[in-house]
Amino acid sequence: MLGLRVDPSEYEVPFFKEMGFVRVRGESCGEYYWTLDPDRFREPQDVPCVDYWFDSIPSRGGLSVSDARRVFIDFFVRRGHTYVPPRPVVARWREDLYLTIASIVVFQPHVTSGLVPPPANPLVISQPSIRLEDIDNVGLTLGRHLTSFEMAAHHAFNYPDKHIYWKDETVRYAYEFFTKELGIPGDLIVFKESWWEGGGNAGPCFEVAVGGLELATLVFMVYKVVDGRYEEIPIKIVDTGYGVERISWFTQKTPTAFHAIYGNLVEKFRDIIGVDRPDELLLKAAFKAAGKLEPKDPASIESFYSRVSSIAGVDVEYARRTLVNEARLYSLLDHTKTLALMLGDGIVPSNAGEGYLARLVARRALRQLRLLGSNARLSDLVDLQISFWGGDFPQLVENRSYILEAVELEESRFKESIERGLRVLEREVRRKGSVSVGDLIKYYDSMGVPPEIVAEVASKMGIRVEVPHNFYSMVAAMHRAPPTIKPGYAGIEVEESVARWASNLGATRKLYYENPYLKEFESTIAGVMGNYVVLDSTAFYPIGGGQVYDVGLLIAGDRVYRVKRVFLVGDVVVHEVEDASGLGEGIKVRGVIDWRRRYKIMRHHTATHVILAAARRVLGPHVWQAGAEKTEEKGRLDITHHKPLTEEEVRRIEELANMVVDERRPVKVYYMDRGEAESKLGFTIYQGGAPLVRTLRIVEIEGWDVEACGGTHLANTGEIGGIKIVNVERIQDGVIRLEYIAGTRVVDRVEELEMKLGSIASIVGAGRGQEVERVKALASSLEGLEVTLKAYRSLWLKALREELARTSPVKGVRILVVESPERDRSFIQEALRRLTEEFADSLVAVVYSVGDQTGVEIACGSSATRIVNVGSLARSIAEKLNGRGGGSESYGSLTVKGRVDVERVKEVLEELL
RNA sequence: GGGCCGGUAGCUCAGCCUGGAAGAGCGCUCGGUUUGCACCCGAGAGGUCCCGGGUUCAAAUCCCGGCCGGUCCA
């Protein structure tokens, strides 16, 4: 904890001296903070050091969430900050995060690393953010924890050569905002010294709290965290975070944050779900007691209830019951908004990836509904949220039908999995009569039935189940596994020595970008290591962006070198040749790429963009690329979608795509500044991921599709020549894979199918065009043969039966040993069973041959089993004949290598009897 | 990306541990009972035991690989 050993001078700003702030150490918390009134404030003013008491602090009144946001933004715009619109809650521009968890995430890592300048400097933003780590505490703490919140922030990025502002100004802004804009008395504002870390950065910070409520965190980002160590970064960043919901709560002074955030929605939800309105006094008491509540500690929760009951003068049980239900109501308010935001930004619920996070929220909400015994539909609640927040987040209204459909689907899936789980539970409980903690984990972990539902069902069956309070952390502990990171560069594993060598060479000039139709080129070797060759310039495309590398030839003088693989190390294109002997730095070479192969790849690549845009038009804007691969053989595109595609949808996508082919739309490639591209073109350009570069390469199919893409493309969609979708499958929950071929590959495909059809035709002996009729005829003749076979089998069986009837018993057993033309073991078995059932005193053996082996099946009837054990008989016969065998007392079988005569079997059998 | 659970009749599942004849309930068909329906009684049809390989005299069962579904975690 370096944070605790920060030099105290880090926190001394001129403003504090000027105003008369004093640095104090908290009496019980032990933390340092700055205050104007050290006699009054013996602790920093945030929970759990003190209780909530901001309800008695005068301030500007009644700001809704929208008001609070507007007031904040206006204040900073008036003070020279540029407003930047918020980003989606799904962090598509980042590879290391699923969700936007703070405003600074918007600028990490491209701006914070210095690669790209910020869109404005200084700037102000209000960023909707989602954090799920405290999801289990939401509701219980009356608003201290939320899964979604807006982080209002002003940021200043200080470059070595361009200083904007730093600690002193930031603290002044905070003080001025809280006193002048919100009307809070300055002597009540307390700045606590602290340390902040997140998203790979760190630095000292102030937590600004008033009356128990932390309203803002002012972070001064000066470090980058590398392997647990702090490295100073060149850009010093002011990273503030003001809680919009908390400002709203503070000014409205409602008993919970939810009343402030959701206004009349609280009572609407209460009515629909059916939660009794609690006593006003009880809620006020809860407000007073909530500050000390430590939600992870069951004892603390208990003492919270008893404190509330004594403040409000009500029964503890009543307080507990009421507050438990209130917490569920509040978490439903919270979760439905979060869910709407997630789905509104295009997340498709799934069992993996960010889709799982949406499912997690949906399922927790559904669990709360169930615990409340409510029949309310989750989708109705989400619908109310869409209407309530539609003005602030228009994407909710635009995607309303998708959001509601996805929620309904989650609702029915949840019900199904609970029902499925409960069936198993009931069976097992009936059998075992108890439910262990291990069982609870199994029901939850592999069947999705939460422990409280298990307990509820078990108690109906008269079994008490104790749910451990740390249940969910027990489950989490089971899943702890070290992440595996594969070394490699863009899909190819490269030895580190090669990577090091290559990165020391200069950037390769990329001829494949200058002219994607370039087939041959002249260049000079920049370096050779083993069989790896780097050129000054190349038309060979290295693997990347889902497009495979080119192959071809390097020609030096009269020697020809085959290029096997091509990959990128940083800005350097590395060619792996079959045998590089004779090549060396400075040698001039001519490169020839396998153009026919490359052209197919280009067709499949451009086709991929066409298909993705077609799928978005047919299925909806929530469709997002989840992966893609373009090879010579085919194109492959994985898209996010919540349900399987119908044949009709596939057909429409294909039709639309081919329409774009026929329209001969130009494909334009140009470069654009990252910030400009994001604001002009939107985040949908990041279908293939978000490369960490300052300037994006944009591939635009005129009027159809725009994506950031590093691949080689056709100049016109007409060149695709036609697209055929050849395979559609669901590869995972919420992800659908499309495979398709383009251009001349369609001809290959037709040829392939014709060949297949031709060989089928020749096998069945049909002429051209007669295949179907012929196969039909064959099928019906096969059917006839089966009937015939059945008839012959019954004839054979009848013959055996007659023979058996003629056989007289020896020592009480009728013995029959016959040879069989049948090779079907299961039929012989069945026949023997039937015969021995009919003749209880019989023992029948059938000898048959399979390949170069002889098999014997023996069965005996019920009275014969008292005299002979056929299983051990079979084993004994096998021993005598050097074979192997065994069986049960009424049935046995054995096999012997080579031919064995029936008479010989009979001999051995009689001998053994 | 990883862990766990599952795939047997139209449906819900048992059998698998410990290899040796493919099962139950519901549904379906037919018949009986009944004024009629439901109930009840009787009979019957219905199976690629997910696929492939291995072990074995013998695999739904054991082993390996794959496919599909569910679920939890990151």
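Residue numbering restarts at 1 for every chain, and letters A, B, ... go by the order of the sequence lines.
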Inspect the contact between [Y] and [X] and indicate whether a charged nitrogen and a carboxylate oxygen are less than 4.0 angstrom apart.
X        : Y        : result
A/Arg904 : A/Glu907 : yes
A/Arg370 : A/Glu452 : no
A/Lys442 : A/Glu428 : yes
A/Arg636 : A/Glu629 : yes
A/Glu354 : A/Arg92  : yes
A/Arg364 : A/Asp136 : yes
A/Arg801 : A/Glu838 : yes
A/Lys643 : A/Glu405 : yes
A/Glu830 : A/Arg834 : yes

Between [X] and [N], is there a contact of a side-chain N or O with OP1 or OP2 at under 4.0 Å?
X        : N     : answer
A/Arg730 : B/G70 : yes
A/Arg884 : B/A58 : no
A/Arg834 : B/A21 : no
A/Ser417 : B/G70 : no

Quote, to the nearest angstrom, the [atom1] distance that separates [N] from [M].
N     : M     : atom1 : value
B/G15 : B/A9  : C1'   : 14 Å
B/G52 : B/G46 : C1'   : 27 Å
B/C26 : B/G19 : P     : 33 Å
B/U61 : B/G23 : C1'   : 14 Å
B/U18 : B/C62 : P     : 9 Å
B/A24 : B/A14 : C1'   : 7 Å
B/C64 : B/A59 : C1'   : 15 Å
B/G32 : B/A38 : P     : 15 Å

Check nucleotides 50-54 of chain B against the protein and report each pair of N or O atoms closer than 3.5 Å, with its distance, or say if there are none.
none

What's the [atom1]-[atom2] distance between [X] and [N], to the nearest Å?
X        : N     : atom1 : atom2 : value
A/Glu419 : B/C11 : CD    : P     : 17 Å
A/Leu881 : B/C57 : CG    : P     : 15 Å
A/Asn727 : B/C68 : CG    : P     : 11 Å
A/Gln829 : B/A21 : CD    : P     : 8 Å
A/Asp439 : B/C4  : CG    : P     : 18 Å
A/Gln732 : B/C72 : CD    : P     : 14 Å
A/Ile135 : B/A74 : CD1   : P     : 11 Å
A/Glu857 : B/G20 : CD    : C1'   : 11 Å

(message) I'd like to know if the side chain of A/Asp733 pairs up with that of A/Ser350 as donor and acceptor (distance under 3.5 Å, no hydrogens or angles considered).
(response)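 No, no side-chain donor-acceptor pair sits under 3.5 Å.
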(message) Is it the case that the side chains of A/Asp439 and A/Ser436 hold a donor-acceptor pair, with the cut-off being a distance below 3.5 Å and no angle test?
(response)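 A donor-acceptor contact under 3.5 Å links the two side chains.
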(message) Against the six-membered ring of A/Phe827, is A/Arg793 placed for a cation-pi contact (under 6.0 Å from the centre, within 45° of the normal)?
(response)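 Yes - A/Arg793 lies over the ring of A/Phe827, closer than 6.0 Å to its centre and within 45° of its axis.
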In Watson-Crick or G-U wobble terms, both distances under 3.5 Å, what is the partner of [N]?
N     : value
B/A43 : B/U29
B/U35 : none
B/G69 : B/C5
B/C16 : none

Looking across every strand, which nucleic acid part, if any, lies under 4.0 Å from [X] by heavy atom: base, sugar-phosphate, or nothing?
X        : answer
A/Gly871 : nothing
A/Glu837 : base
A/Ala874 : nothing
A/Gly886 : base
A/Leu360 : sugar-phosphate
A/Tyr98  : base

Heteroatom pairs (N/O) under 3.5 angstrom, protein to nucleotides 13-19 of chain B:
unit_1, atom_1, unit_2, atom_2, d
B/C13, OP1, A/Arg423, NE, 3.1
B/C13, O3', A/Arg427, NH2, 3.3

Does [X], at its [atom1] atom, have more than 12 non-hydrogen atoms belonging to other residues, nucleotides or ligands within less than 6.0 Å?
X        : atom1 : value
A/Glu647 : CD    : no
A/Tyr472 : OH    : yes
A/Lys634 : NZ    : no

(request) List in numerical order all residues of residues 890-913 of chain A for which some heavy atom is under 4.0 Å away from an atom belonging to RNA chain B. (result)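 Going residue by residue through residues 890-913 of chain A, the ones with a heavy atom under 4.0 Å of RNA chain B turn out to be A/Ser893, A/Thr895.
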(message) Taking atom types as they are modelled, would you say the side chain of A/Asp445 forms a donor-acceptor pair with the base of B/G3 within the 3.5 Å cutoff?
(response)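 Flag set: donor-acceptor pair detected.
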(message) For A/Gly885 and A/Asn351, find the nucleotide of RNA chain B closest to each by heavy atoms; which residue's nucleotide sits nearer the 5' end?
(response)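 Going by which nucleotide is closer to the 5' end, it is A/Gly885.
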